[in-house]
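Scope of the values below: all heavy atoms of this structure, side chains included, with no hydrogens, waters or symmetry mates.
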Protein chains: 4
Amino acid sequence: MARTTDGDGTPVPQRLLAAATRLFAERGYDRTSVQEIVEAAGVTKGALYHYFGSKEDLLQEVYSRVLRIQQERLDAYADADEPVERRLRAAAADVVVTTIDNLDDAAIFFRSMHHLSPEKNKRVRAERRRYHERFRALIEEGQRGGVFSTATPADLVVDYHFGSVHHLSTWYRPDGPLTPQQVADHLADLLLRALRP
Amino acid sequence: MARTTDGDGTPVPQRLLAAATRLFAERGYDRTSVQEIVEAAGVTKGALYHYFGSKEDLLQEVYSRVLRIQQERLDAYADADEPVERRLRAAAADVVVTTIDNLDDAAIFFRSMHHLSPEKNKRVRAERRRYHERFRALIEEGQRGGVFSTATPADLVVDYHFGSVHHLSTWYRPDGPLTPQQVADHLADLLLRALRP
Amino acid sequence: MARTTDGDGTPVPQRLLAAATRLFAERGYDRTSVQEIVEAAGVTKGALYHYFGSKEDLLQEVYSRVLRIQQERLDAYADADEPVERRLRAAAADVVVTTIDNLDDAAIFFRSMHHLSPEKNKRVRAERRRYHERFRALIEEGQRGGVFSTATPADLVVDYHFGSVHHLSTWYRPDGPLTPQQVADHLADLLLRALRP
Amino acid sequence: MARTTDGDGTPVPQRLLAAATRLFAERGYDRTSVQEIVEAAGVTKGALYHYFGSKEDLLQEVYSRVLRIQQERLDAYADADEPVERRLRAAAADVVVTTIDNLDDAAIFFRSMHHLSPEKNKRVRAERRRYHERFRALIEEGQRGGVFSTATPADLVVDYHFGSVHHLSTWYRPDGPLTPQQVADHLADLLLRALRP
DNA sequence: GATGAATGAGTCTTCATTCAT
DNA sequence: TATGAATGAAGACTCATTCAT
């Protein structure tokens with residue numbers, strides 16, 4: 001397997017991805033130079049371009065990974081055998097916890113999407129839409145079943161909730177008074193309360 | 001007073017600010033070159049550096065203007081002679097309408113703040129904190145008066161609402177099905193419903 | 001006029017063009033770095049990009065200048081009030097002398113044209129075609145008048161002659177036994193002899 | 001003998017040479033990457049460096065092959081038992097046909113020679129000189145015998161003709177009105193007519 | 001014979017800012 | 001007030017070549 005690992009034994013592509021994620025979150029995509037990434041990962045520029053076609057590909061990889069993980073988790077919660085309000089609450093809380101656990105990814109997500117080329121942007125948007133639609137379907141299910149208010153269009157409710165999720169990277173601090181789970185419970189609670197008929 | 005205006009009669013500094021705002025929102029701060037700004041404003045580089053010390057100053061000006069406007073409006077609504085739930089609803093809805101009316105500023109705000117130097121960043125954060133505190137005070141007033149639930153800390157509620165406001169620039173489209181006022185009413189409604197005791 | 005000149009008083013754009021021409025001819029377009037050009041011209045990279053949009057623009061400028069000069073000279077000879085065989089001989093000899101006087105340009109011309117972008121390439125080809133057609137018209141005039149043989153299509157005769165002109169940069173050495181004018185007379189002579197009826 | 005061939009059964013070195021020839025002609029030596037060559041040949045980089053010491057060696061091989069072929073053909077025509085004007089005409093026409101049949105090689109030849117290292121360049125030049133001298137000897141033989149004019153030095157006549165041969169790759173198109181043999185006849189004819197006493 | 005991961009020097013280009021006029 | 005030529009540092013990316021396997 002040649003020299004795919006080095007030092008700590010982590011494969012080079014993953015070392016690069018980790019370094020890029022941290023740096024993109026820290027100083028933004030445009031302010032992070034390829035040079036800084038490879039230095040942080042302990043490899044050379046050539047190695048980076050051996051695995052990734054461009055700096056943008058690195059960003060795109062971060063997105064794909066996050067979206068894949070979140071989608072899988074959402075699907076699991078949404079498919080559970082429970083009343084809809086419990087499933088929605090669980091999903092709403094889980095995305096908060098997962099987001100806090102990967103605050104770097106979240107920060108990148110909502111600040112750097114416009115740095116992707118139109119083509120890649122389109123693909124990411126499509127994946128994200130799929131995610132939103134799954135979430136919206138849960139709300140609509142509850143509305144049809146009469147357990148959620150129909151006062152607000154489900155679409156808007158989804159954006160309302162995800163606005164607060166995206167916003168987490170702006171204000172949440174690990175050393176703050178609330179644990180991730182507490183924050184998640186509160187935010188899920190606010191969502192469910194707003195949906196009471 | 002020489003030629004402080006030109007063409008349409010708008011003073012040069014304001015033309016620069018308008019051009020910068022549009023471009024920063026369109027392609028991001030780092031992707032906008034000083035050359036593009038001056039071309040869009042119809043002036044030369046020398047002129048820009050005559051009025052603004054740096055590109056960053058331009059960004060900071062955009063922030064200051066938005067914050068000043070929002071603060072003034074919030075103060076007006078908060079000071080009104082009305083029951084607290086009406087004042088909160090009005091303020092919550094107003095910030096949505098104002099944000100939609102200035103989506104460019106909003107987009108810049110939540111994507112480019114980390115481009116400010118630490119010093120300027122600190123100042124902007126301070127102004128924003130003042131704004132948040134005023135909003136939080138309204139919620140706490142309602143909680144103390146028993147008209148709002150105390151289930152969730154006021155702090156978190158504020159972030160919950162402003163998360164959705166920031167998020168507007170991501171999803172709101174002027175040609176969508178809802179008018180700014182309708183969106184505002186819905187979002188304010190969700191907030192108030194979530195706060196029902 | 002700011003600092004458009006420096007050292008020897010030659011304007012910066014012309015100094016850059018001269019340096020580029022020499023270097024492109026010496027080591028080829030791709031083997032000449034922008035860094036080398038600006039060093040040879042005694043300016044900085046920024047200055048180059050202030051005047052020329054790209055390295056390719058520099059190459060295109062070399063082409064345009066050569067073509068313009070050659071076309072003007074050809075037109076002058078072709079329009080003269082002389083018998084056609086004298087006009088053709090004069091034009092055929094002149095292009096040889098001019099080419100030898102600017103061997104660098106010639107070397108670039110026939111080695112680097114494929115380095116131009118398709119769009120620029122098309123423009124250069126069009127200009128060159130115009131030049132060829134003027135030359136061909138002279139030959140056809142003589143053929144119609146019976147002073148030149150019609151054994152060979154005029155098109156081919158033109159390419160035959162210009163082949164030898166282009167080839168000059170491959171073999172002609174200023175310190176060789178023949179002066180430019182002597183070479184020119186010989187080559188024109190060969191052309192005219194080949195065209196004898 | 002392991003896998004020296006693959007797919008179509010052509011040995012790897014020849015597949016590489018063929019791919020390199022096409023690509024060098026198409027986009028120039030410097031613009032062709034080793035990666036592109038091995039991809040076009042359907043092998044890996046390791047394989048290329050197993051058979052060729054460097055990218056330059058590949059170029060040198062193209063040269064050597066062309067020169068060897070042309071020299072052999074010229075020798076055959078020059079040694080024939082025919083009057084000198086017939087031998088010259090045959091040789092002059094043959095080099096045109098052979099060049100057209102291998103336009104790629106010709107294009108490379110007259111555009112990429114300066115990409116060879118001084119040492120290799122010297123060797124190629126020497127071989128080419130030998131070729132030229134053989135051709136020149138034919139002309140001088142005719143001049144001494146009184147069948148060719150002595151108005152122009154034989155040297156110059158050789159360059160005159162080869163100029164037009166080199167030029168072929170610039171203008172000749174397979175789908176044009178003339179067949180390779182027709183072009184060859186015309187160009188040989190022009191040469192012989194120019195040499196009429 | 002053949003692989004392909006890794007190197008590291010080198011490429012063109014961009015850009016905020018300065019300053020003589 | 002305003003110009004625009006010039007700077008110089010930094011940016012992303014390419015590529016021939018090597019070498020452990």
Undergrad: How far apart are the C-alpha atoms of D:D30 and D:H115, what are their side-chain angles, what is the distance that settles it, and do they pass the side chain to side chain donor-acceptor pair (under 3.5 Å) test?
TA: CA-CA 8 Å; D:D30 279 332; D:H115 290 145; 3.2 Å; yes
Undergrad: Roughly how many Å is it from CG in C:D30 to P in F:dT14, rounded to a whole number?
TA: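 Rounded to the whole Å, the gap is 15 Å.
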Undergrad: Can you tell me the pairing partner of F:dA16 across any strand shown, Watson-Crick or G-U wobble, with both distances under 3.5 angstrom?
TA: E:dT7
Undergrad: Would you kindly compare D:E56 and A:T32 by the position of their nearest DNA chain F nucleotide and give the one closer to the 5′ end?
TA: A:T32
Undergrad: Determine the Euclidean distance between corresponding C1' atoms of F:dT21 and E:dG1; express it in Å to zero decimal places.
TA: 13 Å
Undergrad: Looking at B:R65, I want to see if its CZ is surrounded by more than 12 non-hydrogen atoms of other residues, nucleotides or ligands under 6.0 Å.
TA: yes
Undergrad: In terms of side-chain heavy atoms of A:S33, which of E:dA16, F:dG11, F:dC13 is nearest?
TA: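 Side chain of A:S33 sits closest to F:dG11.
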Undergrad: Taking the minimum atom-to-atom distance to the side chain of B:V34, which one of F:dT7, F:dA2, E:dT17 wins?
TA: E:dT17
Undergrad: Taking the cut-offs as 6.0 angstrom to the six-membered ring centre and 45 degrees off its axis, would you call D:K55 and D:Y29 a cation-pi pair?
TA: yes
Undergrad: If you check every side-chain atom of A:Y51, which of E:dA5, F:dT7, F:dA2 has the closest atom?
TA: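 Of all the options, the side chain of A:Y51 is nearest to E:dA5.
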Undergrad: Taking CZ from A:R31 and P from F:dA10, how many angstroms apart are they, rounded to a whole number?
TA: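 For the pair A:R31 CZ and F:dA10 P, the rounded distance is 14 Å.
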Undergrad: Expressed in angstrom and rounded to an integer, what is the separation of B:F52 atom CZ from E:dA16 atom C1'?
TA: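 Distance, rounded to whole Å: 16 Å.
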Undergrad: Please determine if a side-chain N or O atom of C:H50 lies less than 4.0 Å away from the OP1 or OP2 oxygen of F:dA5.
TA: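 It does, given that an N or O in the side chain of C:H50 lies less than 4.0 Å from OP1 or OP2 of F:dA5.
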Undergrad: Heavy-atom count check: over 12 atoms from other residues, nucleotides or ligands less than 6.0 Å from C:R123 CZ?
TA: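 Atom CZ in C:R123 is not packed in, count stays at 12 or less.
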Undergrad: Provide, to the nearest angstrom, the distance between the CD atom belonging to A:E39 and the P atom belonging to E:dT7.
TA: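 Atom CD in A:E39 sits about 13 Å away from atom P in E:dT7.
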Undergrad: Could you check whether the rings of D:Y63 and D:F109 sit parallel, tilted or perpendicular, using 30° and 60° as the cut-offs?
TA: perpendicular
Undergrad: Assess whether one donor atom and one acceptor atom, taken from the side chain of C:K45 and the base of E:dT13, lie less than 3.5 Å apart.
TA: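 Answer yes: a donor N or O sits under 3.5 Å from an acceptor.
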Undergrad: Within this structure, what is the NZ-to-C1' distance between B:K55 and E:dC15, rounded to whole angstrom?
TA: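 From B:K55 NZ to E:dC15 C1': 8 Å.
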Undergrad: Need to verify one output field. Residue with the more 5' nearest nucleotide on DNA chain E, D:A47 or A:A47?
TA: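 Mapping each residue to its closest nucleotide by heavy atoms, the 5'-most match is D:A47.
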Undergrad: Let me spell it out: for each of A:Q35 and C:V43, pick the nucleotide of DNA chain F with the closest heavy atom. Which residue's pick is nearer the 5' end?
TA: C:V43
Undergrad: Rounded to whole angstroms, how far apart are CG on D:D57 and P on F:dT17?
TA: 9 Å
Undergrad: In whole Å, I'd like the distance from the CZ atom of B:R27 to the C1' atom of E:dT14.
TA: 14 Å
Undergrad: Establish, with yes or no, whether the OP1 or OP2 oxygen of F:dT14 is under 4.0 angstrom from a side-chain nitrogen or oxygen of A:Y49.
TA: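 No, outside the criterion.
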Undergrad: Expressed in angstrom and rounded to an integer, what is the separation of D:H115 atom NE2 from F:dA16 atom C1'?
TA: 15 Å
